[in-house]
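Take a look at the structure set out below.
Ligands are counted one by one from 1 in listed order, and the atoms in each one are counted from 1 as well. For the numbers below, each heavy atom of this structure counts, side chains included, while hydrogens, waters and symmetry mates do not. Source: prediction; values computed, not measured.
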Amino acid sequence: MHKEKQHIAIFASGGGSNARKIIEYFKNSETIAVRLVVSNKKDAGVLDIAQLHGIETLVVHRTDFAGDDQFLLELSTRNIDYIVLAGFLLLVPAYLVSAFPQRIFNIHPALLPKHGGKGMYGHFVHEAVKAAGDTESGMTIHWVDEHYDEGTILFQARCTLAPEDTPEDIARKVLELEHRYYAEVIEKTITEMA
Ligand code: GAR
């Protein structure tokens, strides 16, 4: 029986190195397609990456997330099945979580529940890990609920830290894990749910 492709929308606020990995990973997939890239920043690097790969982009303003049906319409007209947050810094509002229950992935650059929550993103996370004197860090892929970084954990990968590692060293180690696993975990999870 022919099963239609599952459509993903990637949401990202920054450079988009994870988004790029995901786009490349699914480029020739017969089951999953990256259909849309959404950013809240009109000059985000991720938009250039999407355009380079011929993927439609959408810039949204903070207020678009406030509960307007228009944004849901943007997603439904493109038959979006899953949302993938890749360095997306706005809180996902409740109406979007209920429209996509267990269908919004997030990646966090630490081993949740440690070093998560509001304001904990990017370098702030790695600085907190360093300040805590942690001997390991890693990344967490989890479902998104209405709270920052609290949804069910799907996957974690760890890396060992040396005492002399700077926050930049930690960031590099963690990003390597993110690039290695995010697309694979998305694929496995979606395939198992189909
Ligand atoms: C990634 O390390 C991701 O885990 C982090 O932002 C970075 C985005 O990098 N996300 C958060 O901190 C969310 N709390 P990228 O734009 O190169 O993919």
Side-chain angles (χ1 to χ4, degrees), residues 8-27 34 36-53 55 57-60 62 65 82-93 96-97 100 104-132 134 136-159 161 165-187 189:
I8 289 178
I10 300 177
F11 289 19
S13 303
S17 70
N18 277 287
R20 189 180 63 239
K21 286 280 172 193
I22 295 165
I23 289 168
E24 286 167 357
Y25 187 91
F26 291 118
K27 195 131 189 124
V34 178
L36 180 70
V37 168
V38 175
S39 184
N40 59 313
K41 299 232 170 94
K42 64 177 187 324
D43 53 354
V46 70
L47 297 171
D48 300 330
I49 293 170
Q51 278 152 18
L52 209 64
H53 286 85
I55 295 169
T57 59
L58 192 66
V59 177
V60 293
R62 192 178 280 268
F65 281 123
Y82 291 89
I83 295 171
V84 171
L85 308 186
F88 186 70
L89 302 182
L90 296 184
L91 180 67
V92 176
L96 205 49
V97 176
F100 289 85
I104 308 178
F105 295 90
N106 184 40
I107 192 160
H108 185 78
L111 295 170
L112 291 174
K114 288 182 90 172
H115 309 300
K118 191 170 162 51
M120 287 302 266
Y121 60 88
H123 68 98
F124 294 111
V125 177
H126 307 302
E127 279 157 17
V129 168
K130 174 74 185 169
D134 292 356
E136 62 169 10
S137 190
M139 61 84 146
T140 304
I141 299 169
H142 64 94
W143 288 131
V144 170
D145 64 14
E146 294 86 345
H147 310 282
Y148 276 111
D149 305 325
E150 286 184 17
T152 309
I153 291 174
L154 298 166
F155 181 84
Q156 291 187 307
R158 293 161 190 277
C159 54
L161 303 180
D165 278 348
T166 63
E168 292 71 29
D169 295 326
I170 301 171
R172 191 176 32 75
K173 289 182 177 180
V174 170
L175 197 63
E176 199 179 308
L177 295 174
E178 297 188 25
H179 290 170
R180 191 185 316 159
Y181 291 114
Y182 201 10
E184 220 177 279
V185 171
I186 291 165
E187 181 181 45
T189 307

Output, or 'none' if empty, a list of ligand 1-protein atom pairs in which both atoms are N or O and the distance is under 3.5 Å, rounded to 0.1 Å.
{"unit_1": "ligand 1", "atom_1": "2 (O)", "unit_2": "Glu178", "atom_2": "OE1", "d": "3.2"}
{"unit_1": "ligand 1", "atom_1": "2 (O)", "unit_2": "Glu178", "atom_2": "OE2", "d": "2.9"}
{"unit_1": "ligand 1", "atom_1": "4 (O)", "unit_2": "Glu178", "atom_2": "OE1", "d": "3.0"}
{"unit_1": "ligand 1", "atom_1": "4 (O)", "unit_2": "Glu178", "atom_2": "OE2", "d": "3.0"}
{"unit_1": "ligand 1", "atom_1": "12 (O)", "unit_2": "Gly122", "atom_2": "N", "d": "2.9"}
{"unit_1": "ligand 1", "atom_1": "14 (N)", "unit_2": "His108", "atom_2": "ND1", "d": "3.4"}
{"unit_1": "ligand 1", "atom_1": "14 (N)", "unit_2": "Met120", "atom_2": "O", "d": "3.3"}
{"unit_1": "ligand 1", "atom_1": "16 (O)", "unit_2": "Gly16", "atom_2": "N", "d": "2.8"}
{"unit_1": "ligand 1", "atom_1": "17 (O)", "unit_2": "Ser17", "atom_2": "N", "d": "3.0"}
{"unit_1": "ligand 1", "atom_1": "17 (O)", "unit_2": "Ser17", "atom_2": "OG", "d": "2.5"}
{"unit_1": "ligand 1", "atom_1": "18 (O)", "unit_2": "Ser17", "atom_2": "N", "d": "3.3"}
{"unit_1": "ligand 1", "atom_1": "18 (O)", "unit_2": "Asn18", "atom_2": "N", "d": "2.9"}
{"unit_1": "ligand 1", "atom_1": "18 (O)", "unit_2": "Asn18", "atom_2": "ND2", "d": "3.0"}

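Note: Tyr182 and Phe105 have perpendicular aromatic rings, judged against thresholds of 30 and 60 degrees for the angle between ring planes. Relative ring orientation between Phe155 and Tyr181 is described as tilted, the plane-to-plane angle lying within the 30° to 60° band.
Between Glu176 and Arg172 there is no salt bridge, since no side-chain nitrogen of the basic residue lies less than 4.0 Å from a carboxylate oxygen of the acidic one.
Of the possible donor and acceptor atoms, none in the side chain of Ser39 sits under 3.5 Å from a partner among the backbone N and O of Ala44.
In this structure, Val38 and Ile10 have side chains that are not in contact, with every pair of non-hydrogen atoms separated by 4.5 Å or more. Counting heavy atoms from C-beta outward, Glu136 and Cys159 have side chains that stay 4.5 Å or more apart.
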